Amino acid sequence: MGLFYNTFVALFSAIGAFLFGYDSGIISSVKTLDQFTTFFHNPSNAMIGAVVSTFNGGCFFGAMGAAWTNDKWGRKRSIQIGAVWALCGCALQAGAPNMACLLVGRIVAGVAIGILSMTVPLYNTEIAPPKIRGFMVGLNQQMLGIGFIVANWVGYGTSFLKTNVSWRLPLGLQASLVPAGLLLIGIQFLPYSPRWLLEVNRDDEARDVVYKLHGIDTPEAKSAADQEFTEMHDQIKADALVRSRSISDLWATPAMLRRTLVAVGVQVFGQFTGINVINYYGPQMYEALGLTSSQSLLVQGIYGGIGPIANLFFIIFILDWIGRKKPLMFGAGSFVVLFSILAALVASFPPGENPNSAAQKAAIAMIFLMSIIFSLSFGPVSWVLASEVFPTRTRSIGTSVATCSNWLFNVLLSETSPIGMASVGWKFYLLFVFLNAVDFIVIMLFFPETKGKSLEDMAVIFGDEFDAKHVLQEHSDEKEDHFVKA
């Protein structure tokens with residue numbers, strides 16, 4: 001079936017990323033609605049922070065547990081488990097009679113998104129051809145952005161309703177058959193990851209999946225598929241002989257430690273861009289610049305549409321051509337400049353004190369540019385790089401640790417940002433100037449380039465100390481010696 005089928009599989013599984021984007025984005029609109037704040041008795045900034053951070057905390061534990069489910073039952077079954085959690089979490093939020101139930105629903109939905117945010121890029125990484133892996137895994141960020149767009153416009157549309165439906169409806173939409181139910185049922189008809197099948201000794205099934213993903217209509221295509229299967233087979237079987245699935249494997253050798261630091265680093269640096277502070281608290285930031293509540297939701301809706309357009313351009317035309325490292329350096333450097341300008345504008349023209357229309361528009365433009373820059377750098381690259389650097393034997397647990405790091409810092413920033421913005425105002429933005437300056441230096445000095453390499457070729461890039469064919473030959477010789485002695 002080839003490229004079309006491969007792309008379809010990656011795009012369909014990325015519905016999990018749509019859920020990620022929708023559930024992350026909808027709360028930024030819902031928590032500003034008068035009906036929401038009235039129903040929950042005007043929650044404090046700390047409580048609003050808890051509504052956001054409990055979701056992120058659930059994501060942390062979901063990503064942690066997904067390491068085990070991915071090794072035990074595979075990528076496909078883990079995506080289905082995430083879809084079930086999503087259905088339960090959204091139902092609890094939509095029907096919440098009090099704040100306690102809402103928070104429980106946010107945690108349950110967070111577990112779902114934690115599972116999906118770790119598993120979807122992992123699955124897409126393992127089914128993608130090396131030359132377009134950036135595009136295939138980048139679909140994760142694309143669907144995430146589309147989910148965020150839908151959330152923003154649903155939130156804006158329901159803001160005109162004058163009953164509690166205005167916040168219950170957007171929270172409940174994700175629990176419908178589309179998309180969580182569609183993902184739960186539809187993923188059943190997609191293939192297992194061939195690399196996971198090799199790990200659990202279902203070699204013939206793995207070969208069939210590789211043939212299906214490659215398409216073997218011509219002798220050349222079949223030869224390429226056979227070559228890829230042989231390479232992944234040898235590497236995975238060798239990994240199984242020299243590595244366990246213990247978390248300590250992530251730092252057992254200098255090469256593994258470097259892989260782990262790169263994967264964790266790119267995920268944490270993505271949080272240091274401050275993009276999720278804007279995603280979660282964008283309406284409050286716009287109101288602080290002088291916009292009304294309705295205008296803030298409208299601007300947030302427009303803002304949400306910018307990123308996916310830039311992301312689509314990036315993953316199609318740039319990511320697999322330029323690579324991973326240069327876009328990350330471009331992103332970190334750009335965020336230093338943009339946050340510096342934003343801080344200067346807010347400091348020079350404080351909102352509420354003779355509002356300056358030009359400064360207000362310039363500050364909003366900086367925020368929009370941040371979305372574009374993020375979509376041309378950390379947005380897609382963080383998911384691609386974190387899931388492609390590990391060997392198969394430790395890919396689940398390694399990707400889990402990297403994703404958990406993402407969510408850990410997401411919790412930290414989502415809990416402290418409303419307090420920080422209220423307490424120190426424009427000075428809060430200087431934190432992101434400093435963090436992105438550090439990111440730029442670290443990426444420039446320590447991050448490798450991985451574009452165009454097969455997952456098995458990562459051993460060369462990171463300097464692994466064993467050769468797969470040599471390990472398999474040694475193991476074969478040992479078995480023969482044992483047989484002769486017996």
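Just so it is clear, the structure is predicted and the values come from calculations on it, not from any experiment. Hydrogens, waters and symmetry mates play no part in the numbers below; they use all other heavy atoms, side chains included.
Taking CH2 of Trp167 as the start and NZ of Lys31 as the end, the distance is 15.0 Å to the nearest 0.5 Å. Within the model, atoms OG of Ser382 and CG of Asn406 stand 7.0 Å from one another, a figure rounded to the nearest 0.5 Å. Here CD of Glu199 is found 6.5 Å from CD1 of Ile236. Values are rounded to the nearest 0.5 Å. Rounded to the nearest 0.5 angstrom, Ser371 OG and Ile302 CD1 are separated by 12.5 Å. Interatomic distance, CZ of Phe313 versus CG of Leu376, reported as 8.0 Å (0.5 Å rounding). Note: Arg207 CZ to Leu197 CG = 12.5 Å, rounded to the nearest 0.5 Å.
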Begin with the C-alpha distance, continue with both residues' side-chain angles, and end with the deciding distance and a verdict on side chain to side chain contact (heavy atoms under 4.5 Å, CB included) for Phe446 and Leu261.
-> CA-CA 9 Å; Phe446 300 110; Leu261 291 176; over 6 Å; no
Quick one: do Phe447 and Val266 satisfy side chain to side chain contact (heavy atoms under 4.5 Å, CB included)? Show the steps, please.
-> CA-CA 9 Å; Phe447 275 41; Val266 75; 3.9 Å; yes
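One side chain, Ser396 or Asp71, offers a donor N or O that lies under 3.5 Å from an acceptor on the other. Using modelled atom types, one finds a donor on one side chain and an acceptor on the other under 3.5 Å when comparing Thr392 with Arg395.
Here the closest heavy-atom approach between residue Asn6 and residue Pro129 is recorded as ND2-CD, 3.6 Å. Taking both residues in full, the closest heavy atoms of Leu182 and Phe12 are given as O-CZ, 3.6 Å, listed atom of the first, atom of the second, then distance. When all heavy atoms are compared, the tightest approach of Ala225 to Val210 is O-CG1, 3.6 Å. Taking each heavy atom of Ala151 and Ser29 in turn, the nearest pair found is O-OG, 4.3 Å. Closest approach of Gly331 and Ser377 over heavy atoms only: CA-OG, 3.6 Å.
Taking the ring centroids of Phe4 and Phe8, they lie at or beyond the 6.0 Å cut-off. You'll find the ring centres of Phe409 and Phe272 inside the 6.0 Å limit.
Note on Lys237 versus Asp203: salt bridge recorded, some NZ/NE/NH1/NH2 to OD/OE distance being below 4.0 Å.
When Phe269, Phe339, Phe335 are each tested for a ring pair (Phe, Tyr, Trp, His ring centres under 6.0 Å) with Phe432, only one passes: Phe339. For the side chain to side chain contact (heavy atoms under 4.5 Å, CB included) with Cys59, the lone residue among Leu116, Ile113, Val411 that qualifies is Ile113.
With sequence neighbours excluded, the residues forming a side-chain contact (heavy atoms from CB on, under 4.5 Å) with Gln80 are Arg77, Leu184, Ile187, Gln188, listed by chain and number.
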